[in-house]
Amino acid sequence: MSESSEQNQSNESREERRFEPPDDLAADANVTAEAYDRAAGDRLGFWAEQAERLSWGKRWDTVLDWDDAPFAKWFVGGTLNAAYNCLDRHVEEGRGDRVALHWVGEPADDRRTLTYAELTDEVCKAANALTALGVEAGDPVAIYLPMVPEAVISMLACARIGAVHTVVFGGFSADAIVTRVTELDARVVITADGQYRRGDPSGLKPAVDKAMESCPNVRTVLVVKRTGQDVEWDDDRDQWWHDAVDGQSTEHEPQQFDSEHPLYVMYTSGSTGKPKGILHTTGGYLTQVAWTHWAVFDLKPETDVFWCTADIGWVTGHSYIVYGPLANGATQVMYEGTPDTPDKDRWWRIVEEFGVTLFYTAPTAIRACMKWGDSIPQRCDLSSLRILGSVGEPINPEAYIWYREHIGGNKAPIVDTWWQTETGAMMISPLPGVTAGKPGSAMNPLPGISGQVLDDEGKEVPDGSSGLLVLTEPWPAMLRGLWGDEERFRETYWSRFEGKYFAGDGAKKDDDGDWWLLGRVDDVMNVSGHRMSTTEIESALVSNAKVAEAAVVGASDEATGQAIVAFVILREEAGDGGEEIVQELRDHVANQIGKIARPRQIMVVPELPKTRSGKIMRRLLRDVAENREMGDATTLTDSSVMDQIKGGMSDGRSDDD
Ligand code: WT7
C-alpha cells in the first residue's frame with residue numbers, strides 16, 4: 001500500500017474515465033444485471049442454479065454446511081467426477097469434434113490440436129496408466145511439467161481417478177519439489193525431459209533427479225518426452241510416459257466422488273517462511289470456476305476462442321486453463337513459450353492465427369508489451385478480440401488504457417479480475433455486458449460474493465476511503481483448509497476479524513462504491529503477478545554460510561510491479577561484500593527457491609533497522625530501496641542505524657533476466 005497517497009491523488013482523474021459496456025455485447029450477454037439482485041436475495045439458491053450447469057452423479061441434499069466454520073462443505077451429499085464434467089459429457093452431448101486445445105509449442109511450427117473426443121481418450125489412457133502404477137483415489141501425485149498438453153492430461157487423469165494433484169511450477173527448483181512431495185507424501189511424480197524456453201531446450205528432469213535424492217518414498221517418475229535431450233535414467237524408478245500411457249485402453253469408467261473430495265493442493269507463499277498448501281475440493285470449486293469463466297468472459301462456446309497465458313503451475317492455469325474452460329466446453333489456445341520468442345509479436349501472431357476472441361493475461365505482461373512499442377501489435381490482425389482480462393496484481397491505469405487501445409482496438413472491454421489461490425475462482429470483477437469499466441478498478445464483487453472494506457477496528461469504511469478487504473460469506477470455490485495445518489488456516493485468514501475471511505489485501509471503495517485493489521498489506525510480495533514471501537527469501541539467504549542476517553522487501557518496480565530487494569549483513573569471515581558475493585547470493589536464492597525469487601538487488605549493510613521488540617522495520621528498508629525520503633524512524637532502537645545503512649551500502653544491482 002506504499003503508493004496509496006499517490007494513488008489517491010490521481011484517482012480523481014481516473015474515475016472520470018468510464019467505459020460503458022458495448023451495445024452489442026450488452027444485448028447478447030450471458031449474464032444480466034438481474035444476477036446481482038437474484039444472488040443478493042438468495043445467495044445459496046443462486047449458487048445452486050450455477051451448480052446445475054454441471055453434471056452430477058447424485059444431486060446434493062444441502063447447498064452449504066457452515067456449521068463447522070471456517071470449514072465449509074458445499075453441495076453436501078452430491079457426487080460428481082470433475083474430469084467427466086470437463087470431457088465425456090461434451091462428447092456424449094455431440095460436441096466431440098469441437099477443438100478443446102489448440103496447442104502451440106515454442107518452436108515455430110510446433111502445433112497439436114486436440115478435440116474433446118481426443119482429449120477424453122488421452123485422459124482415459126493416462127487414468128488407466130496411473131491406476132496400473134497403483135495410484136488410487138485420495139493419493140497425491142506431483143506434476144512438474146512445462147506447458148504441454150500432457151500437463152492438462154495429467155491433471156484430469158488424476159481428477160478422473162480421484163487422485164489429488166499438486167502441480168509444481170516449472171520455474172521452481174528441486175527444493176520446492178522436495179517440500180511438496182514430502183509434505184503430501186506423493187509416491188508418483190510426472191515430469192518431462194525438458195522444455196523450450198527462449199528458443200532453446202532446457203532441462204526439467206535434472207531438478208526432479210536432484211529432488212528424488214531426498215524423496216525415498218517416490219516409486220515412479222513418469223517422463224514425458226518433449227525435447228529429446230539426454231537425461232539420466234533410473235531403471236527402477238523412471239518410466240517414459242509414452243511407454244506407460246500409449247498402449248492403454250481409451251475406455252475408462254469415471255467414478256463419482258463426493259462433492260467435497262479433494263481435487264488438488266496448490267502451494268503458495270504466505271507471510272511466513274513455509275509455503276502453504278491450499279486445499280481445493282470438487283463440487284463447489286468446479287461450480288464457481290465454470291460459472292465465472294462463462295459469465296466474466298461472456299463465453300459463447302460454439303464460437304469463442306479463449307486464451308489464458310498463465311502457466312499451469314499457478315492457480316490461474318488450474319482454474320482458467322483446465323477446470324473452468326473445459327467444464328464449459330470452450331475451445332482454447334495453450335502456448336508453451338515466452339511472448340518474445342522468436343520475436344516480440346509472438347503472442348499477437350497466435351491471436352491472429354487462431355482468431356482468439358477472449359484473452360486473459362497479467363498486467364506485468366501488458367507493461368512489457370507497452371515497453372516494446374505500439375508498432376509490434378500493429379503488425380497483426382487483432383480484430384477477433386472481444387474481451388480482455390487482467391489478473392494477478394492491480395492494473396495501473398496507463399497499462400489498462402494501452403491494453404484497451406492497442407490490443408482491444410478500443411472496443412473490447414477489460415475485465416480486471418481480483419482473486420487468489422485461496423479463493424479458487426474470480427471474486428471481484430466487472431461483468432462485461434453489465435458493468436462499466438474504470439481503468440484501475442476491479443469494480444464490484446461478483447453476484448453471489450459478499451465482501452467489505454474494513455478499518456483496523458473491523459468497521460466498514462465509508463465510500464471514498466481505504467481499508468482491509470474481507471469476504472463476509474463463504475463461497476463455493478473457497479479453500480477448504482491448509483494441508484495438515486488447521487491452526488495456521490484459522491490464524492492466517494479467520495482470526496483478524498471474527499467470522500470473516502481476511503484476504504491480506506488493501507482496498508478502497510470510491511465515491512460510486514466501486515472497488516480498487518491496493519496491494520498486499522502483509523509480508524507477501526507480488527513480483528510479475530507471482531506471489532513471493534519476504535521471509536521465505538530471507539530464510540534462503542541466511543541458509544548461506546556467509547550471511548549473518550537478512551531482510552527482504554518488495555520495492556515498487558515499473559516493469560514487475562514489485563521487485564525483490566535484499567539487505568544482508570555478512571559474517572565477518574565473508575569479507576565486506578564485493579560484486580562476487582552479491583552474485584553468489586543471488587544464485588543461492590535461485591537455487592533454493594527458483595529463478596523467479598532471485599533478488600533484483602542485494603545490499604550489503606552493517607546493520608538493520610529494528611524496533612525495540614526486535615522486529616525488522618521493512619517500511620524503512622523499502623524507502624531506501626525505492627530511494628524515497630525516509631518516514632518516521634522514532635521507534636528504532638538506534639536511529640543512527642539508517643544513516644549507517646545508507647552510508648555503508650554496497651549496492652549489488654543487476655538488470656539481467
Ligand atoms: C494476490 C493473490 C488470482 C490468481 C493469480 C494470483 C493479487 C490478484 C489482482 C487484481 C489487484 C490482484 C492480490 C491477491 N491480485 N489479482 N486483479 N488486482 N491485485 O494468485 O498468487 O494467490 O495472489 O494477487 O494481492 O491477494 P495468488
Side-chain angles (χ1 to χ4, degrees), residues 1-4 7 167 169 171-172 265-271 275-278 280 288-289 292-293 296 308-324 360-366 388-397 399-400 403 414-430 437-446 449 451 453 466 468-471 477-479 482 492-493 501-508 514-533 536 554 556 560-562 596-597:
M1 269 222 287
S2 52
E3 295 89 6
S4 59
Q7 246 154 9
V167 181
F169 173 56
F172 281 133
V265 178
M266 171 98 254
Y267 281 81
T268 187
S269 297
S271 49
K276 303 180 287 197
I278 309 286
H280 283 294
Q288 194 180 337
V289 294
T292 49
H293 178 250
V296 171
C308 166
T309 66
D311 192 280
I312 219 101
W314 306 104
V315 75
T316 310
H318 283 50
S319 299
Y320 298 105
I321 295 177
V322 182
Y323 291 107
Y360 196 25
T361 195
T364 185
I366 299 163
L388 304 176
S390 172
V391 63
E393 52 176 320
I395 178 164
N396 48 312
Y400 183 112
Y403 194 24
I414 291 178
V415 287
D416 174 15
T417 61
W418 178 89
W419 57 292
Q420 308 177 298
T421 306
E422 291 88 339
T423 69
M426 298 170 187
M427 301 293 282
I428 306 178
S429 165
K438 289 179 186 177
S441 168
M443 302 306 283
N444 298 107
L446 286 164
I449 302 301
V453 182
S466 52
L468 303 170
L469 173 61
V470 298
L471 301 165
M478 69 194 289
L479 75 166
L482 298 181
T492 310
Y493 306 104
Y501 172 89
F502 172 55
D505 278 43
K508 177 192 155 172
D514 295 325
W515 299 52
W516 299 70
L517 281 308
L518 302 176
R520 302 289 306 192
V521 295
D522 52 13
D523 293 331
V524 172
M525 297 174 286
N526 191 324
V527 183
S528 297
H530 297 153
R531 213 159 126 173
M532 306 260 93
S533 142
E536 194 182 348
S556 66
T560 57
Q562 285 188 310
I596 46 167

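Whatever order the structure lists ligands and atoms in, that order sets their numbers, starting from 1.
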Between [X] and [Y], what is the shortest heavy-atom contact and its length?
{"X": "Gln562", "Y": "Asn526", "result": "OE1-N, 2.8 Å"}
{"X": "Ala425", "Y": "Val289", "result": "CB-CG1, 3.8 Å"}
{"X": "Leu446", "Y": "Ser429", "result": "CD2-O, 3.6 Å"}

Answer with yes or no whether the side chains of Ser269 and Ser533 bring together a donor and an acceptor at under 3.5 Å. no

Could you tell me which residues satisfy ring-ring contact (aromatic ring centres under 6.0 Å, His included) with Tyr320, sequence neighbours excluded, listed by chain and number? Tyr360, Trp419

Quick one: pull up CE in Met443 and OG1 in Thr417 and give me the separation to the nearest 0.5 Å. 14.0 Å

In a simple table, one pair per line, please give the protein and ligand 1 atom names for every N or O pair closer than 3.5 Å, along with the distance.
| unit_1 | atom_1 | unit_2 | atom_2 | d |
| --- | --- | --- | --- | --- |
| ligand 1 | 15 (N) | Gly392 | O | 3.3 |
| ligand 1 | 16 (N) | Gly392 | N | 3.1 |
| ligand 1 | 17 (N) | Asp416 | OD1 | 2.7 |
| ligand 1 | 17 (N) | Thr417 | O | 2.8 |
| ligand 1 | 18 (N) | Glu393 | O | 3.4 |
| ligand 1 | 19 (N) | Pro394 | N | 3.4 |
| ligand 1 | 22 (O) | Thr421 | N | 2.8 |
| ligand 1 | 22 (O) | Thr421 | OG1 | 2.5 |
| ligand 1 | 22 (O) | Arg531 | NH1 | 2.8 |
| ligand 1 | 24 (O) | Gly392 | O | 3.3 |
| ligand 1 | 25 (O) | Asp505 | OD1 | 3.2 |
| ligand 1 | 25 (O) | Asp505 | OD2 | 2.8 |
| ligand 1 | 26 (O) | Gln420 | NE2 | 2.9 |
| ligand 1 | 26 (O) | Asp505 | OD1 | 2.6 |
| ligand 1 | 26 (O) | Asp505 | OD2 | 3.4 |
| ligand 1 | 26 (O) | Arg520 | NH1 | 2.8 |

